[in-house]
Amino acid sequence: KEEDGIHKTQKNKKLIDKLPKEKMGASSWYLHEYQGFWYTPGFLEKIFSLQENFEADPSDILVCSSPKTGTTWLKALSFAIVTRKRFDESSNPLLKAVSHECIPFMEFDLITGSSTTRDPQLPLMASHLPYIALPESVITENCKIVYICRDPKDMLVSMWHFGKKLSLKDVQMTSFEKFVEYFCGGRTFYGPYWDHVLGYWKASQERPENVLFLKYEDMKEDTLLHIKKMADFFDQPFSKEEEIQGVPEEITNMCSFENLSNLEVNKSGKHRGGTPLEMDNNLYFRKGQVGDWKNHVTQEMKEQIDQIMDEKLYGSGLTF
Ligand code: A3P
């Protein structure tokens, strides 16, 4: 068995070596292109394993996103909605752990296909994978998928700041100009961003009962409306009594940027300690606003990003 594993790892490494790759500026990172999307080699190995082994259950609910589009928030909201009968405002695990720790991350926690790391009472799991790269059984078993996306300019600024904070550790960041250039060439982690968004957008049009497509900006504008939509989509609509008791409002407030970012665990805690994904929780909370890009993106960059997005999304009915 162990030999099989070693053999497979070597095979995967060889396969990855053959894929088109690109060095990310001055950083020591390479992204490799697989099925039209760009990944780091470490993640690719996990994705191969996930695609090969993962067996979805029809009751599984996937929380999907491209990095830096509001994943932390969507996970918190999904978790709070789905577990609202198990926990109240004071006992909710979201008050003691960042949402990334409350929901298994497919590309990291579920790669062996074994469900040992899963809480049998929790149908949720999360992924940054593009729609076409999801394990086949997720589609054939008709799992529900909730997806969030965001104005690419805000996503880029968010990713840039995230990368810069990481660079204090071991990742060297390129200039913002270079970063925009990579974005426009489609070379971002799990990018091209437009293809990531389009994959889920089209799926939500074709299979609306299975794929709920959300935008960060809309959710900020009316969070309550969207968490009701999410609860309906999960087949767990808020009852009349819950509405009277103000449960949707409680969830909205508990998961707000202001509340979560001020929790001690999110100010000073870490998650996935001792693993390659160890991360300070506060890295996931910066401003939580719509339109912060205006403080970082020049007019020229804005035009460049808008133009490429318009071209790529043309005819899809989706705009930013
Ligand atoms: P900014 O960097 O623009 O502030 P992800 O969770 O996908 O990594 O995305 C991170 C972005 O979501 C960051 O955006 C972060 O501040 C914002 N965010 C985190 N928690 C949030 C919440 N509860 N409500 C709204 N935005 C949130």
Side-chain angles (χ1 to χ4, degrees), residues 43 62-81 92-95 97-103 105-108 124 126-130 146-167 171 173 176 179 183 188-191 193 196-197 200 213-227 230 248-267 269-272 277-297 305 320:
F43 267 90
L62 274 76
V63 180
C64 297
S65 61
S66 198
K68 313 324 290 174
T69 58
T71 317
T72 313
W73 190 23
L74 188 69
K75 284 185 187 177
L77 290 170
S78 304
F79 185 86
I81 294 168
N92 201 296
L94 287 168
L95 304 174
V98 70
S99 63
H100 301 288
E101 219 168 6
C102 298
I103 300 181
F105 180 30
M106 277 181 109
E107 292 94 302
F108 194 74
L124 300 171
S127 178
H128 283 317
L129 283 174
V146 57
Y147 180 76
I148 191 166
C149 65
R150 188 180 192 188
D151 181 325
K153 299 184 285 300
D154 275 335
M155 181 280 281
L156 265 177
V157 168
S158 186
M159 194 178 270
W160 163 252
H161 281 99
F162 185 76
K164 249 178 39 181
K165 283 187 199 147
L166 282 182
S167 70
V171 183
M173 209 42 198
F176 188 65
F179 206 57
F183 173 85
T188 44
F189 193 31
Y190 286 94
Y193 182 65
H196 203 287
V197 174
Y200 285 94
F213 187 93
L214 302 170
K215 280 184 174 168
Y216 183 92
E217 294 75 17
D218 298 343
M219 308 238 323
K220 276 296 243 191
E221 198 173 304
D222 193 343
T223 311
L224 209 51
L225 174 84
H226 286 88
I227 73 160
M230 287 169 69
E249 286 82 356
E250 275 169 18
I251 292 178
T252 303
N253 295 336
M254 181 175 70
C255 298
S256 70
F257 180 84
E258 291 66 32
N259 188 55
L260 291 183
S261 62
N262 281 306
L263 294 174
E264 200 46 52
V265 66
N266 292 331
K267 285 201 281 192
K270 278 184 195 301
H271 72 289
R272 300 189 188 283
L277 289 196
E278 176 173 312
M279 206 70 82
D280 292 339
N281 294 344
N282 65 27
L283 283 181
Y284 289 98
F285 302 90
R286 194 180 62 93
K287 287 194 172 174
Q289 289 169 4
V290 171
D292 184 48
W293 62 264
K294 292 186 186 115
N295 297 316
H296 303 274
V297 173
I305 298 167
F320 283 98

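Order of appearance sets the numbers: ligands from 1, and atoms from 1 within every ligand.
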Chemist: Is it the case that atom CD in E221 sees more than 12 heavy atoms from other parts of the structure closer than 6.0 Å?
Modeler: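 Count not over threshold, so no.
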Chemist: When you check the gap from the basic side-chain N to the acidic O, do D292 and R286 get nearer than 4.0 Å?
Modeler: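 Yes, charged N to carboxylate O under 4.0 Å.
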Chemist: Do F285 and N262 have side chains that approach each other closer than 4.5 Å (heavy atoms only, starting at C-beta)?
Modeler: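 The answer is no; the side chains never approach within 4.5 Å.
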Chemist: Any side-chain heavy atom of Y284 within less than 4.5 Å of one from T71?
Modeler: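 With C-beta onward as the side chain, the pair stays apart.
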Chemist: Filter the ligand 1-protein atom pairs down to N or O on both sides and distance under 3.5 Å, then list them.
Modeler:
| from | atom 1 | to | atom 2 | distance (Å) |
| --- | --- | --- | --- | --- |
| ligand 1 | 2 (O) | S158 | OG | 2.6 |
| ligand 1 | 2 (O) | R286 | NE | 2.7 |
| ligand 1 | 2 (O) | R286 | NH2 | 3.4 |
| ligand 1 | 3 (O) | R150 | NH1 | 3.4 |
| ligand 1 | 3 (O) | R150 | NH2 | 2.9 |
| ligand 1 | 3 (O) | R286 | NH2 | 3.2 |
| ligand 1 | 4 (O) | K287 | N | 2.7 |
| ligand 1 | 4 (O) | G288 | N | 2.7 |
| ligand 1 | 6 (O) | T71 | N | 3.2 |
| ligand 1 | 6 (O) | T72 | N | 2.7 |
| ligand 1 | 6 (O) | T72 | OG1 | 2.5 |
| ligand 1 | 7 (O) | K68 | N | 3.0 |
| ligand 1 | 7 (O) | T69 | N | 3.1 |
| ligand 1 | 7 (O) | G70 | N | 3.1 |
| ligand 1 | 7 (O) | T71 | N | 2.8 |
| ligand 1 | 7 (O) | T71 | OG1 | 2.6 |
| ligand 1 | 8 (O) | K68 | NZ | 2.7 |
| ligand 1 | 9 (O) | G70 | N | 3.3 |
| ligand 1 | 14 (O) | R150 | NH1 | 3.2 |
| ligand 1 | 14 (O) | S158 | OG | 3.4 |
| ligand 1 | 16 (O) | R286 | N | 2.9 |
| ligand 1 | 16 (O) | G288 | N | 3.3 |
| ligand 1 | 23 (N) | C255 | O | 2.9 |
| ligand 1 | 23 (N) | F257 | N | 3.4 |
| ligand 1 | 26 (N) | Y216 | OH | 2.7 |

Chemist: How about L156 and F179: do any of their side-chain heavy atoms sit closer than 4.5 Å?
Modeler: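 Answer yes - side chains close enough.
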Chemist: Honestly, is K68 close enough over Y193, meaning NZ or CZ under 6.0 Å from the six-membered ring centre and within 45° of the axis?
Modeler: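 Relative to the ring axis of Y193, which defines the angle, K68 lies outside at least one limit.
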